[in-house]
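Lettering of chains follows the sequences in order, A, B, ..., and the numbering in each one begins at 1. This one's a predicted model, so the numbers in the text were calculated from it and none came from an experiment.
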There are 2 protein chains.
Amino acid sequence: MYWNVMYIRIMNKSTLYKGCLEPIIMRLLKDNGRMYGYQITQMVKEITKGELQITEGALYPLLHRLEEQGVVETEMENIGNRVRKYYTLTKAGKKQTSIAMDELKIFMQSLNLIVNPKLA
Amino acid sequence: MYWNVMYIRIMNKSTLYKGCLEPIIMRLLKDNGRMYGYQITQMVKEITKGELQITEGALYPLLHRLEEQGVVETEMENIGNRVRKYYTLTKAGKKQTSIAMDELKIFMQSLNLIVNPKLA
DNA sequence: TTCCAATACATAAAATAATTAGGTATAAAT
DNA sequence: ATTTATACCTAATTATTTTATGTATTGGAA
């Protein structure tokens, strides 16, 4: 017999990172090589001390899109009775990640110029 | 007689700042007191050396929403035969801007923790 | 040993926020 | 004279995310 359990989800502390999610994930994959979805959400939460929390509804469709586009490739791994789906950057994906990181840095610098105009 | 002229618009160098536009505008209004729409687009372009370019389609509806919400108030000014619409933060708007700036800073720090994990 | 929380995947509807593409008009520069 | 810059605006579309689901296994606490 199976009972569906409701979980309360408090995931969005900020809506600021629209558009930044993709480069964030690419960066993590670049640093850590091989990751699965749930691991990505946990690592982001840990690194940012809970400030950035990725919702599954944003993450999984994005990962699937990146796979479609050839940015990442996947392999399944059986953990007991459960299946994990690991994601790795492809060669093309690594190139794209470098470009994305350059763009992200420029964006962050630009943001900083606006928020901290004195430090220009 | 009137001829409609087509302008070529190249405005989006990055789609990263979705969600950041509102705090950016609030920050500029806090720093500069009284600004009109076009001036905001030009200042952002100038400060960021052309990296961030706000489209009018994003800016004006956002400014109107901020006015509706009581974050900003407006006054018209006649410049020759033309009308300028100046925006100023309300008292409530200034408070909200402080909060938005705190959030933005935390967001930027979080981004930095992900992009520069060694500097943690 | 039963229940809850955590792990682990996924999708669909709705909301949000931007781009793209138009429209109108004045003033300055070429 | 014509183009570019200034200055406002809106609507349709696109993109991205939240919210709300659904399914299922595993580990720990009561």
Quickly work out the [X] [atom1] to [N] [atom2] distance and round it to whole Å.
| X | N | atom1 | atom2 | result |
| --- | --- | --- | --- | --- |
| A:K85 | C:dA10 | NZ | C1' | 9 Å |
| B:L63 | D:dA7 | CG | P | 15 Å |
| A:E56 | C:dA8 | CD | C1' | 8 Å |
| A:L59 | D:dT21 | CG | P | 21 Å |
| A:N81 | D:dT23 | CG | C1' | 14 Å |
| B:M43 | D:dA5 | CE | P | 19 Å |
| A:L62 | D:dA15 | CG | C1' | 12 Å |
| B:Y86 | D:dA7 | OH | C1' | 11 Å |

As a test of reading the structure: which of [options] is closest to the side chain of [X], going by heavy atoms?
| X | options | value |
| --- | --- | --- |
| B:T55 | C:dA8, C:dT20, D:dT6 | C:dT20 |
| B:A58 | C:dA17, C:dA18, C:dT7 | C:dA18 |
| B:Q42 | D:dT6, D:dT26, C:dT11 | D:dT6 |
| A:Y60 | D:dT25, C:dC9, C:dT26 | C:dC9 |

Would you check if the side chain of B:Q53 reaches a backbone N or O of B:G50 as a donor-acceptor pair within less than 3.5 Å?
yes

Where the side chain of A:N32 meets the backbone of A:L28, is there a donor-acceptor pair that is under 3.5 Å apart?
yes

Short side-chain N/O contact to D:dT10 OP1/OP2 from B:H64, under 4.0 Å
yes

Does anything in residues 27-39 of chain A reach DNA chain C, meaning a heavy atom under 4.0 Å, and if so which residues?
A:Y36, A:G37, A:Y38

Please figure out whether A:P61 or A:R82 has its closest DNA chain C nucleotide nearer the 5' end.
A:R82

Is there side-chain contact between B:L52 and B:I24, with at least one heavy-atom pair below 4.5 Å?
yes

Are any of the side-chain heavy atoms of B:E67 and B:L63 separated by less than 4.5 Å?
no

Please tell me whether B:S110 and A:E51 have a donor and an acceptor in their side chains that are separated by less than 3.5 angstrom.
no

Taking atom NZ as the centre, does B:K45 end up with more than 12 heavy-atom neighbours from other residues, nucleotides or ligands that are less than 6.0 angstrom away?
no

On DNA chain D, nearest-nucleotide positions of A:R65 versus A:G80: which is more 5'?
A:R65

Report yes if a donor N or O on one partner sits less than 3.5 Å from an acceptor N or O on the other, where the partners are the side chain of B:R84 and the base of D:dT6; otherwise report no.
no

Look up atom CD in B:Q96 and atom OG1 in B:T90, then write down how far apart they are to the nearest 0.5 Å.
7.5 Å

